[in-house]
Amino acid sequence: MSKRDIIFYLHIHQPFRVQPYTVFDIGENQNYFLGHEERTDNEAIFHKVAKKSYYPMIALLKKLIATYPNFALNLSVSGLFLEQCEQWDTELLKELQGLIATGRVEVLAETYHHTLSFFYSRFEFEKQVYMHREAIEKYFGKTPRYFRNTELAYNNDLANWVEEAGYKGVLAEGWDPVLGWKSPHYLYRPRTANDIILFMKDYHLSDDLAFRYSDRTWNEWPLTPAKYRSWIEKLPEEEKLINLFMDFETFGEHQWSDTGIFDFFEDFAGGWCEDGNSFLTLDEAANAYEPVGTIDMPYIVTWADNERDLSAWTGNPMQRTAIEGVYALENEILRCGDDQLIRDWRALQTSDHYYYMCTKWFTDGSVHAYFSPYSSPYDGYLYVMNALRDIRYRLYALKRRGID
Amino acid sequence: MLGWELPPHNAGGMGVACYHLAKALASRGMKIDFMLPAAPAPFDIDFMDVHEVKDHQFEDIKKLTYSDDVHSIFKVQDKYLAQVHHYARTEEPPDVIHAHDWLTLRAGMLAKQLMNRPLVAQVHATEFDRSGGGYGNPIIHEIEQHGLMMADKIIAVSHYTKQVIMEQYGIPADKIDVLHNGFSLDDLAAADEVSYKYLDMLHEMGYTIVSTIGRLTLQKGLTHFLEGCAKAAEKHEKLCFVLAGDGEQRDELIARAAELGIGDKTIFTGFVRGSAWRKIYDLSDIFVMSSISEPFGITALEAAAHYTPIIITKSSGAAEVLGHALTYDYWDTDRLGQCIVDVATSLGLAKQMAEDTYAELDTLSWSSLADKCISTYQKAAIGDHIL
């Protein structure tokens with residue numbers, strides 16, 4: 001059996017969820033992101049996820065790195081997550097710094113506020129990517145070389161931007177309509193940006209862990225390391241590179257510890273490395289493999305829902321009303337000179353807010369509902385709209401003060 | 001008198017109407033025993049004797065009153081019937097029994113049977129109205145049918161409602177008297193510190209605030225309202241729409257507003273009461289009552305009392321008493337849109353409408369209503385005599 005490589009990529013992010021913010025709060029308080037209602041208490045949620053996922057998974061990753069020289073991973077960390085670490089748990093920040101300091105972690109670039117700004121304002125997008133780079137340099141002493149856009153939202157335009165911005169490569173969903181007869185188990189180049197490398201997610205094998213691992217109605221449940229390994233080994237001999245991309249929170253939060261996810265991963269990764277296979281960083285893979293072809297993606301492809309487009313965030317009129325309302329303020333906001341106001345406006349761009357407003361109820365509805373802090377998408381929409389109105393109110397108050 | 005609620009423990013306008021009617025009747029020297037299905041009775045009532053059913057609390061039944069949970073309402077009514085039995089055993093029979101809506105009609109019929117006194121059934125709203133012009137719940141419809149047939153006289157709160165009773169329940173016209181509700185400014189809670197700063201800002205920016213208040217339910221015709229608003233917004237940009245209230249249609253309306261492209265201009269306040277409620281009238285430049293079927297429509301009068309120009313549907317009792325309101329057919333969203341734009345863009349029209357409508361409120365006193373009510377009682381008693 002010839003050797004294979006895995007590119008293991010994890011994404012860490014926590015939004016600042018909007019509180020149940022009503023029309024009566026507008027102009028009275030600016031606590032859209034602060035509050036202790038159980039389901040939108042950002043601090044409490046942060047501590048909960050830290051305990052269930054971040055601490056144990058970081059420990060496991062460190063252990064694997066210490067044990068196996070051929071283990072490595074790739075990581076993206078949103079700016080808002082780093083802010084939350086600073087505010088609520090600097091110990092966790094140290095743990096994360098320690099993990100990255102092992103030298104076996106490729107840290108990726110993305111937008112600081114975890115937004116879809118690429119599709120609404122290129123100027124704002126670049127600012128957020130810049131802010132993110134500053135944060136990564138400050139906390140981890142590394143300058144990102146590879147790019148991942150929020151929600152893996154990708155098209156040819158993004159590839160062109162990534163190339164022009166000087167990155168070496170970019171990640172995307174290996175979605176069948178895009179790949180056609182091609183396999184995600186190779187490196188590619190974007191059709192319109194030939195200097196960079198495109199890494200395509202194997203969504204079957206990735207989502208087996210991220211979404212299905214603990215699903216008892218899944219006909220493959222329970223998934224064992226041996227079974228998972230056998231699926232990889234059944235792939236055609238020449239397909240060497242397996243891209244497993246998922247949320248960091250898959251480990252311990254989406255799949256709870258008692259489902260055995262940590263043990264599963266430890267056994268699987270250990271076995272994989274012991275048998276002479278490797279986990280690679282993006283850069284190692286870029287050096288070890290040659291791209292085999294080009295991929296054309298004129299349309300936006302993301303990693304969410306059955307549609308794999310932006311419909312999880314902008315599919316219904318409520319989502320579009322809210323997100324377009326937020327971006328419509330850009331010029332006025334950026335000229336207002338009030339840093340806190342700009343920060344709040346950016347935190348309101350976070351894609352999670354729009355995800356919670358999704359009204360697709362069928363197979364993906366349960367996924368949306370699992371992550372939503374609100375009793376319905378309609379509530380989420382009203383709260384974000386009211387926060388947006390307060391931002392308008394603050395702009396207006398500033399302007400009036402300027403006139404007086 | 002068989003009541004279901006009294007302020008401040010009221011879920012709807014019926015409690016307010018009962019309170020004022022009873023008070024005005026008492027001031028004419030009538031002695032009233034007022035039955036309530038739950039406790040506590042309002043503490044400040046000295047003009048009549050209140051008999052409350054102590055087994056239920058208003059807090060618990062308020063939510064029920066407008067719900068679909070007919071079974072639970074029946075349970076409350078059963079205790080209420082027991083109270084009527086008790087009354088019939090222990091008290092002198094009254095001269096007349098006055099019941100309000102289907103909620104107390106079962107008790108009204110029972111009281112008539114037990115005490116052999118004339119029954120006056122006052123109709124504030126029918127199941128036909130509540131279901132937005134449909135048949136509604138057949139059990140409730142049947143209780144109404146039965147009660148309206150057994151009643152010696154019927155009081156309808158509007159000609160519109162009289163028409164509904166005739167057409168939907170087959171009751172002859174001469175059995176029904178129309179008594180429009182009175183109106184008293186005292187009913188309005190004082191406006192206080194509750195603020196709608198966003199609406200204040202919009203005002204300063206030259207926006208016109210168009211509001212509607214009420215349960216977000218089919219009867220109120222709010223999907224048509226939103227469509228009319230969207231048409232208005234196409235012609236006149238600086239409009240903001242406020243929907244105050246809550247109800248089973250909320251989510252549908254939120255999504256519909258966004259779909260119509262007026263999501264950003266449409267504010268849902270959620271359930272409001274007391275001063276927050278009154279403040280909305282204060283802030284409104286135009287008030288719309290879009291009901292598909294509205295026996296009376298107290299909110300339109302309350303808005304008029306705040307010098308607000310009113311746009312109301314023809315299928316409402318309020319349209320009969322507010323001659324200076326603009327009216328439209330509930331489905332005619334083109335006309336609604338045009339009316340909103342006309343009032344929003346003409347200060348003169350808005351001012352004239354507001355003043356004239358305000359002046360009309362003076363004619364709607366509770367004390368003249370009491371006189372008419374006594375005359376209905378007399379007719380009911382004479383009818384009983386002849387039989």
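Keep in mind it's a predicted model, so treat the numbers as computed, not measured. Just so you know, these numbers use all the heavy atoms, side chains as well, and skip hydrogens, waters and symmetry mates.
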Report task. Could you tell me which portion of A:L382 (side chain, backbone, both or neither) has an atom closer than 4.5 angstrom to a non-hydrogen atom of chain B? Result -> side chain

Report summary line: If one checks every heavy atom of B:V242 against chain A at 4.5 Å, the contacting part turns out to be neither

**Report entry** A:Q340, CD atom: more than 12 neighbouring heavy atoms under 6.0 Å
**Finding:** yes

Query - Side-chain heavy-atom pair A:Y396, B:E204 within 4.5 angstrom cut-off - result: yes

Query - Within 6.0 Å of CD in A:E37, more than 12 heavy atoms from elsewhere - result: no

Requested in this report: Kindly compute the distance separating NZ (B:K265) from OG1 (A:T321), expressed to the nearest 0.5 Å.
Outcome: 12.0 Å

Query raised in the report: Taking atom CZ of A:F371 as the centre, does the number of heavy atoms from other residues, nucleotides or ligands within less than 6.0 Å exceed 12?
Result: yes

**Report entry** Residue selection (most heavy-atom pairs with chain A, distance under 4.5 Å) from B:D251, B:I262, B:I254
**Finding:** B:D251

Query - Candidate pair B:D264 and A:R320, rule salt bridge (Lys or Arg N to Asp or Glu O under 4.0 Å), full reasoning - result: CA-CA 10 Å; B:D264 204 354; A:R320 290 193 291 273; over 6 Å; no

Query raised in the report: Between B:A258 and A:Y381, which heavy-atom pair has the shortest distance, and what is it?
Result: CB-OH, 4.0 Å

Report summary line: So, the part of A:N386 with a heavy atom under 4.5 Å from chain B: the answer is neither

Query raised in the report: Would you say A:R389 and B:M201 make side-chain contact, with heavy atoms under 4.5 Å?
Result: no

Query raised in the report: More than 12 non-hydrogen atoms from neighbouring residues, nucleotides or ligands closer than 6.0 Å to NZ on B:K235, yes or no?
Result: yes

Query - Options B:D200, B:T269, B:I267, ranked by heavy-atom pairs under 4.5 Å with chain A, top entry - result: B:I267

Query raised in the report: In terms of heavy-atom proximity below 4.5 Å to chain B, should A:M318 be classed as side chain, backbone, both, or neither?
Result: both

Query raised in the report: Should B:Y198 and A:R392 count as side-chain neighbours, where that means a heavy-atom distance under 4.5 Å?
Result: yes

Query - Side chains of B:R250 and A:D379 in contact at under 4.5 Å (non-hydrogen atoms) - result: yes

